[in-house]
Amino acid sequence: MSAAGKESKRVLMVGLLCQDILNLVDHYPTEDEDVRCVNQFWQKGGNAANSACVLSSLGETTEYLGTVSSRAEGSSALKEMQTFGVLTEHVVYSDCPIPTSCVIINTQTGSRTIIHGTRNMAELTAEDFSSLDLTQYRWIHFEGRNTIEVCKMMEIVEDFNKKVLFVSKEYAESCGFASAKETVKKLLKRVKKGCTVLCAWGDQGADGITPEGAHYHCQAFPPEKVVDTLGAGDTFNAAVIWGLCRGTGLEGALRMGCRIAGQKCGQFGYKNLH
Ligand code: ADP
């Protein structure tokens, strides 16, 4: 959702911070195969945390809010996020192991196969959220997890004037939709009045629809070689928010989202996106 405000206000990203363990392989393994990866590295992950880093890199004053492991591996992921300039002073610490995602990246195609482990990490609650001073924020983005609590948080934000819903391809397909265009057109009829709906569809680009029903499609911007699509959607969301905060309109924001997400697919990690 967005709340129009002054330039100095922050964008708040609410959701998960986790540890990604990336295994880069030169072919996708078959079951029970014993393979050696060509490279392996750890990086911070989580949809909201990834988008927060991209937004901050694009020059937006950005804060991340979520539960963070108070153990050593939690503070390392938090520090990594802070190196992107993301503000984190309101995070809620929890004495749980950090959630992890083990990822297989096929360097031939850039595909990412992900196994998530929540490891019983406590979720952020509406009560945690209610202690924030909402006047500090120009935009609040909620990752759609722990939906009962997230809905309560959205109710707390009473002074909103517009809402934006990002729908993933996976969710759209689970609803029986076959394209981004079909998704945004059909979902617009189901969501609350005044809501803009966006849906990214991998290498097919993304579509968006305004509350009035104006539909836009933007093609993907394929990099020279697709090497890593992990977090392409998070990057897309961040770049769209950046555009909408700057008044590009939906069409311009979609283009910004696809351009920056395409750039991300041509590199590992989230640095130097512009
Ligand atoms: P995720 O699976 O991370 O949610 P998506 O597959 O929905 O991400 O992709 C988000 C955006 O990233 C797309 O709208 C597109 O702009 C870009 N993108 C994803 N895959 C590719 C690709 N293979 N080539 C170019 N751009 C891509």
Side-chain angles (χ1 to χ4, degrees), residues 13 15-18 20-24 28 43-55 57-58 99 101-116 141-145 164-175 177-185 187 196-209 215-244 248 250-274:
M13 307 300 287
L16 184 71
L17 170 67
C18 71
D20 283 353
I21 300 170
L22 281 72
N23 296 283
L24 277 49
Y28 193 80
Q43 67 186 21
K44 67 95 200 71
N47 296 129
N50 286 340
S51 295
C53 290
V54 175
L55 261 169
S57 302
L58 292 173
S101 290
C102 295
V103 186
I104 299 173
I105 296 197
N106 180 352
T107 53
Q108 283 181 25
T109 62
S111 77
R112 84 295 181 263
T113 304
I114 314 174
I115 303 172
H116 297 290
H141 177 85
F142 293 99
E143 183 182 329
R145 51 187 302 110
V164 175
L165 176 66
F166 292 95
V167 185
S168 70
K169 182 180 170 201
E170 283 81 4
Y171 176 76
E173 285 176 334
S174 75
C175 295
F177 304 138
S179 67
K181 183 177 177 181
E182 183 187 356
T183 305
V184 297
K185 289 200 161 183
L187 280 184
T196 298
V197 184
L198 291 105
C199 180
W201 209 272
D203 61 5
Q204 304 292 299
D207 287 52
I209 195 160
H215 165 257
Y216 299 98
H217 169 73
C218 183
Q219 288 179 342
F221 286 63
E224 230 165 82
K225 180 167 167 27
V226 174
V227 293
D228 172 17
T229 58
L230 178 68
D234 302 337
T235 304
F236 171 83
N237 292 355
V240 166
I241 291 171
W242 186 91
L244 292 177
T248 59
L250 180 56
E251 191 176 13
L254 271 175
R255 191 180 160 78
M256 180 75 185
C258 288
R259 187 174 69 72
I260 302 288
Q263 200 183 324
K264 191 269 149 297
C265 293
Q267 68 173 52
F268 296 104
Y270 306 95
K271 295 212 168 119
N272 303 316
L273 298 171
H274 55 273

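Just so you know, ligand 1 is whichever comes first in the structure, and atom 1 is the first atom listed for that ligand. The basis for the numbers below is simple: all heavy atoms, side chains too, and nothing from hydrogens, waters or symmetry mates. Starting from 1, each residue takes its place in the sequence as its number.
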| query | Strictly under 4.0 Å, does any heavy atom of Cys265 approach an atom of ligand 1? | reply |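 A heavy atom of Cys265 does come that close to ligand 1.
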
| field | Contact check, Arg112 vs ligand 1, heavy-atom distance below 4.0 Å | value |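 For ligand 1, residue contact (heavy atoms, under 4.0 Å) with Arg112 is present.
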
Do [X] and [Y] come within less than 4.5 Å of each other through their side chains, counting heavy atoms only?
{"X": "Ile241", "Y": "Ser51", "result": "no"}
{"X": "Leu230", "Y": "Tyr270", "result": "yes"}
{"X": "Met13", "Y": "Leu55", "result": "yes"}
{"X": "Ile260", "Y": "Phe221", "result": "no"}
{"X": "Lys185", "Y": "Asp207", "result": "no"}

| task | For atom 22 (C) of ligand 1, grab the closest protein heavy atom and report residue, atom and distance to one decimal in Å. | result |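 The closest one turns out to be Asp203 CB, 3.8 Å.
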
| Protein heavy-atom partner closest to atom 12 (O) of ligand 1 - residue, atom, separation in Å |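 Heavy-atom neighbour on the protein nearest atom 12 (O) of ligand 1: Ala261 CB, 3.2 Å.
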
| said: By the salt bridge (Lys or Arg N to Asp or Glu O under 4.0 Å) test, which pairs, at least two apart or in different chains, include something from residues 264-274? | reply: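 As it turns out, the salt bridge (Lys or Arg N to Asp or Glu O under 4.0 Å) pairs with a partner in residues 264-274, which skip direct neighbours, are Asp228-Lys264.
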
| query | Looking only at non-hydrogen atoms, which of Gly262, Gly202, Ala200 approaches atom 20 (N) of ligand 1 most closely? | reply |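 Looking at heavy atoms only, Gly202 sits closest to atom 20 (N) of ligand 1.
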
May I ask you to list the atoms of ligand 1 that are less than 4.0 angstrom from any heavy atom of [X]?
{"X": "Gly233", "value": "1 (P), 3 (O), 4 (O), 8 (O), 10 (C)"}
{"X": "Ala220", "value": "25 (C), 26 (N)"}
{"X": "Cys258", "value": "16 (O)"}
{"X": "Pro222", "value": "25 (C)"}

| Do any nitrogen or oxygen atoms of Gly205 come within less than 3.5 Å of a nitrogen or oxygen of ligand 1? |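 Yes, Gly205 has an N/O under 3.5 Å of an N/O on ligand 1.
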
| field | For Ala49, all residues meeting side chain to side chain contact (heavy atoms under 4.5 Å, CB included), sequence neighbours excluded | value |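 Applying side chain to side chain contact (heavy atoms under 4.5 Å, CB included) to Ala49 gives Leu17, Lys44, Tyr64, Met81.
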
